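Data first, discussion second: the structure below is written as structure tokens.
By convention in this document, chain letters (A, B, ...) are assigned in the order of the sequence lines, proteins followed by strands, and residues within each chain are numbered from 1. Nothing here was measured: the structure is a model prediction, and the numbers come from that model.
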Number of protein chains: 4
Amino acid sequence: MRPEDKPDGQKRSFVEEARRAQIIESAIGTLAELGYTGTSLARVAERVGISKGVISYHFAGKAELMEQIVERVYRDIAQFVLSRLEKEATATGALRETIRSVAEYMRDHRTQLLALGEVVTNLRTTPDGALRYGIAFNEPIYDAREALFRRGQQAGEFRPFDARVMSVTVQAALDDMFAYWVTHPGHDLEAHAEELADLFEHATRSEDPGATANR
Amino acid sequence: MRPEDKPDGQKRSFVEEARRAQIIESAIGTLAELGYTGTSLARVAERVGISKGVISYHFAGKAELMEQIVERVYRDIAQFVLSRLEKEATATGALRETIRSVAEYMRDHRTQLLALGEVVTNLRTTPDGALRYGIAFNEPIYDAREALFRRGQQAGEFRPFDARVMSVTVQAALDDMFAYWVTHPGHDLEAHAEELADLFEHATRSEDPGATANR
Amino acid sequence: MRPEDKPDGQKRSFVEEARRAQIIESAIGTLAELGYTGTSLARVAERVGISKGVISYHFAGKAELMEQIVERVYRDIAQFVLSRLEKEATATGALRETIRSVAEYMRDHRTQLLALGEVVTNLRTTPDGALRYGIAFNEPIYDAREALFRRGQQAGEFRPFDARVMSVTVQAALDDMFAYWVTHPGHDLEAHAEELADLFEHATRSEDPGATANR
Amino acid sequence: MRPEDKPDGQKRSFVEEARRAQIIESAIGTLAELGYTGTSLARVAERVGISKGVISYHFAGKAELMEQIVERVYRDIAQFVLSRLEKEATATGALRETIRSVAEYMRDHRTQLLALGEVVTNLRTTPDGALRYGIAFNEPIYDAREALFRRGQQAGEFRPFDARVMSVTVQAALDDMFAYWVTHPGHDLEAHAEELADLFEHATRSEDPGATANR
DNA sequence: CATGAATGAGGTTTCATTCAT
DNA sequence: TATGAATGAAACCTCATTCAT
């Protein structure tokens with residue numbers, strides 16, 4: 001949220017920050033619409049109505065612009081979801097709320113998430129061709145969710161299972177819920193989310209009927 | 001498997017088919033290594049050791065080459081998985097076998113699947129910027145798996161749930177299992193697959209303990 | 001040394017003159033380090049820690065900045081060498097002292113001389129591509145040295161030779177002494193200068209053994 | 001003289017070699033006329049009447065084109081001068097013949113030598129800003145000439161002097177003879193060369209009028 | 001006086017494609 | 001069938017310069 005300072009520690013001026021935000025917005029729109037390959041600096045500039053050179057003036061290069069997009073969108077979604085989880089006491093409740101809040105975020109930030117996906121799966125900065133982000137980018141999410149699952153297991157809410165695999169799978173389910181919804185605009189996102197919540201509740205809950213009840 | 005005929009209906013000669021296969025192989029390797037953006041026709045040609053023009057000679061353009069890759073890889077994986085499912089009687093068994101066979105295929109076809117993913121998520125042929133494949137590409141898979149789930153539900157093996165959402169989620173789980181394994185080479189793919197099978201068994205099985213037993 | 005007035009005849013303020021000097025110093029450093037091509041106004045400004053626009057404010061353009069560099073460095077070296085020659089009576093002595101004093105100047109003004117060379121051999125201001133300075137820039141030096149040689153010849157110290165060729169060659173020897181020393185930092189500059197002095201003493205001295213002795 | 005093979009060992013086709021030569025010729029002309037800074041690939045292509053991309057097709061980049069120029073011109077001049085020296089028996093004779101042959105070469109290859117100078121003093125390939133050639137490029141010449149001087153000293157033709165300094169100075173004298181002639185088209189190059197020969201004969205010859213031994 | 005911001009031309013390079021041989 | 005050669009557009013980036021504040 002808070003505007004980043006320059007690499008050399010200097011603050012950015014208000015005007016500069018506004019331009020950067022404007023360019024980032026434009027790049028997000030272009031990415032969502034035309035994909036990574038179709039997003040040239042020229043098109044981004046054209047969409048803003050500025051000269052090509054302005055982007056080079058405000059960003060070190062195309063890579064930095066892309067990284068800024070990832071950083072902003074990621075920060076935004078993390079903040080949103082985390083704020084929703086604070087009030088949940090049980091692990092089961094937190095899992096369901098995670099799915100619900102993510103779905104809600106997706107509905108309101110379709111463009112940003114599309115752009116994020118384009119960059120994460122395509123940006124390569126090193127000459128060896130390795131992805132700058134890729135799926136490794138999800139590692140903090142996996143870690144947090146893994147901790148949640150372990151907590152639920154220790155509390156007896158959850159059956160024993162591999163917490164890492166479950167974490168990866170939950171994220172996969174969320175990502176493809178989004179992708180499916182994008183492709184099928186009439187699809188009911190909330191219903192999908194509820195189905196997912198049920199699905200993972202069944203998949204995780206303790207099998208011993210006498211254990212600590214949830215819901 | 002069977003070589004496609006030319007658009008004008010003529011058969012392709014054996015030599016021509018061999019060249020096409022060779023170029024496709026090279027393109028798959030390049031896609032897996034350098035990603036969609038890094039895969040230029042020049043690099044593909046260089047890898048085979050032929051002149052750039054040859055590709056244009058054998059394929060109508062870059063798009064057709066990419067489409068051929070999708071077709072070949074997709075046909076191959078479908079054939080493999082379907083042959084594995086024939087012997088499964090129960091829906092539950094078919095689901096577990098699906099996951100196992102897909103995992104097995106992934107282990108042996110890492111490169112092809114990476115390339116497939118690059119093309120599916122990046123190839124755009126129309127000027128409006130729409131993806132040529134995208135997730136809609138999975139529709140036949142969803143349909144088939146949906147039918148499986150309905151069958152299981154009617155047989156009492158499965159609890160009631162939205163078969164479409166479950167289908168999408170299974171595919172998501174498989175795709176990210178692959179992606180995770182690619183990023184973490186030491187990860188145990190088979191164990192992951194078994195965990196997924198357990199996960200979806202719990203997620204789908206009938207809750208009424210008295211109903212038709214599974215397994 | 002004395003600050004130039006503005007083209008319109010106005011005097012420059014002290015502050016303005018200081019800024020100009022600061023920018024010139026920075027440009028000299030950049031030229032010496034990165035060469036003419038690598039010396040952009042952006043880099044010069046960055047080195048001083050000022051905005052790019054400041055340079056354009058104080059100088060009519062890149063060309064004027066470069067010309068100012070030439071003027072300052074040239075004025076400085078001329079003043080230094082001329083002051084050393086005042087006390088020399090004989091032409092032979094003056095020649096040796098020229099070489100010695102130039103060498104001494106080179107040792108203490110490596111950066112400035114490197115910058116001077118970059119500008120002299122690269123700056124072009126007219127659209128026809130002609131060098132602004134080039135070797136013609138040495139003409140005053142040639143003239144002065146030619147006069148010295150003629151004086152020596154008339155005094156019988158020097159043998160008959162083409163004074164212009166000798167002048168050009170002395171300057172060439174000095175320039176390449178500098179260039180060689182820059183490339184071979186361990187090279188003994190003073191010894192090189194003495195060798196040059198001997199070389200040109202042999203090359204110039206009167207062959208008639210009975211003539212006015214020197215040294 | 002002989003066309004270089006490709007880096008991967010393959011021979012170049014006749015047509016390709018012709019194009020490369022044509023582009024190199026054009027670049028030489030542009031360098032001589034407009035200098036290093038004024039020599040863009042676009043201008044070189046325009047002069048040949050080809051598309052910009054052709055240069056990139058035949059050369060790895062601007063740097064390789066420049067290096068090819070250096071290599072060709074250098075090889076040519078070395079071959080010319082060395083062939084002239086074969087018949088000289090004495091060191092004194094070889095020195096005079098060197099000067100004469102270089103002057104003759106200069107008269108007939110003004111453009112090439114101008115281009116060579118531009119590249120040698122300006123081409124930088126490493127990001128640290130170091131010159132690709134610079135004066136270090138003369139090292140083989142210095143070495144050869146140094147050997148000649150030592151031979152002359154041992155034979156008693158030459159007085160004792162620092163052979164390295166003498167070598168550097170001879171080269172400087174030749175280079176500036178060229179530069180002076182370029183700037184003063186009416187200047188008599190042959191006369192200048194004879195003067196230089198006399199100059200260095202006086203500068204090098206044994207002082208003891210009697211004998212083989214010196215000093 | 002100084003600055004940050006913007007401009008637009010021009011630089012090198014890569015790319016998919018075409019074509020004569 | 002295959003190739004080398006060429007094309008021209010478009011990519012990213014740098015540059016000197018201008019201008020409002």
Side-chain angles (χ1 to χ4, degrees), chain A residues 10 12-16 18-20 37-45 48-65, chain B residues 12-13 15-16 18-20 37-45 48-65, chain C residues 12-13 15-16 18-20 37-45 48-65, chain D residues 10 12-16 18-20 37-45 48-65:
Chain A
Q10 287 186 333
R12 279 186 224 281
S13 78
F14 172 75
V15 180
E16 175 166 11
R19 253 287 186 261
R20 279 172 66 95
T37 304
T39 302
S40 67
L41 295 189
R43 244 193 283 253
V44 173
V48 191
I50 55 176
S51 164
K52 254 186 306 180
V54 183
I55 299 182
S56 293
Y57 177 77
H58 287 286
F59 297 89
K62 190 183 185 179
E64 201 221 317
L65 172 56
Chain B
R12 283 187 218 281
S13 78
V15 178
E16 181 169 2
R19 256 285 188 259
R20 280 171 66 94
T37 306
T39 301
S40 66
L41 295 189
R43 252 192 277 253
V44 173
V48 192
I50 57 175
S51 164
K52 253 183 303 182
V54 186
I55 299 181
S56 296
Y57 180 81
H58 285 286
F59 296 90
K62 191 183 184 180
E64 201 221 319
L65 171 57
Chain C
R12 284 186 219 280
S13 79
V15 179
E16 181 169 0
R19 257 285 188 262
R20 281 172 64 96
T37 305
T39 300
S40 67
L41 295 189
R43 250 193 278 254
V44 172
V48 192
I50 57 176
S51 163
K52 255 184 302 181
V54 186
I55 299 181
S56 295
Y57 180 80
H58 286 286
F59 296 90
K62 191 183 185 181
E64 201 221 318
L65 171 57
Chain D
Q10 286 186 332
R12 279 186 224 283
S13 76
F14 172 74
V15 180
E16 175 167 11
R19 254 287 186 260
R20 281 172 66 96
T37 305
T39 301
S40 67
L41 296 188
R43 244 191 284 254
V44 173
V48 190
I50 55 178
S51 165
K52 254 187 305 182
V54 183
I55 299 182
S56 293
Y57 177 77
H58 287 286
F59 296 90
K62 191 183 184 178
E64 201 221 315
L65 171 57

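- Between A/Val15 and D/Gly38, the residue anchored nearer the 5' end of DNA chain E, judged by the nucleotide with its closest heavy atom, is A/Val15.
- Across all strands shown, E/dA20 forms a Watson-Crick or G-U wobble pair with F/dT3, both key distances being under 3.5 Å.
- What you find for A/Thr37 and B/Thr37 is that their closest heavy atoms are OG1-OG1, 4.4 Å.
- When the nearest nucleotides of DNA chain F are assigned to D/Gly53 and C/Ser56 by heavy-atom distance, the more 5′-ward of the two goes with D/Gly53.
- Taking atom CD of D/Glu16 as the reference point, atom P of E/dA20 lies 21 Å away to the nearest angstrom.
- For A/Arg43, no side-chain nitrogen or oxygen approaches OP1 or OP2 of F/dA10 to under 4.0 Å.
- If you check F/dC13, F/dT17, F/dT7 against the side chain of A/Lys52, the one that comes closest is F/dC13.
- Following rounding to the nearest Å, C/Leu41 (CG) and E/dA6 (C1') show an atom-to-atom distance of 16 Å.
- Rounded to a whole Å, the CD atom of A/Glu64 is 14 Å from the C1' atom of F/dC13.
- In terms of position on DNA chain E, the residue among D/Ala63 and B/Thr39 whose nearest nucleotide sits closer to the 5' end is D/Ala63.
- Interatomic distance, OG of A/Ser13 versus CZ of A/Arg20, reported as 10.5 Å (0.5 Å rounding).
- To the nearest angstrom, P of F/dT21 lies 16 Å from CZ of A/Phe14.
- Here B/Ile50 lies in heavy-atom contact (under 4.0 Å) with sugar-phosphate atoms only.
- Rounded to whole Å, the distance from CZ on B/Phe59 to C1' on F/dA2 is 15 Å.
- Dashed line: the shortest gap from a side-chain N or O of D/His58 to OP1 or OP2 of F/dG4 is not under 4.0 Å.
- The CG-P distance, from B/Leu65 to E/dT17, rounds to 10 Å in whole Å.
- Note on A/Ser51: a base of the nucleic acid sits closer than 4.0 angstrom, heavy atoms only.
- OP1 or OP2 of F/dA5 has not a single side-chain nitrogen or oxygen of D/Arg19 nearer than 4.0 Å.
- Between the CD1 atom of A/Ile55 and the P atom of F/dA11 there is a distance of 12 Å, rounded to whole Å.
- A pairwise comparison of heavy atoms in A/Ala45 and A/Ser51 identifies CB-O, 4.0 Å as the closest pair.
- The shortest distance between the side-chain N/O atoms of A/Tyr57 and the OP1/OP2 oxygens of E/dA5 is below 4.0 Å.
- The shortest side-chain heavy-atom distance between A/Val48 and A/Val54 does not fall under the 4.5 Å cut-off.
- For the atom pair D/Glu16 CD and D/Tyr57 OH, the distance stands at 6.5 Å (nearest 0.5 Å).
- Considering only the side chain of A/Ser40, F/dA11 comes nearest among F/dA11, E/dC1, E/dT13.
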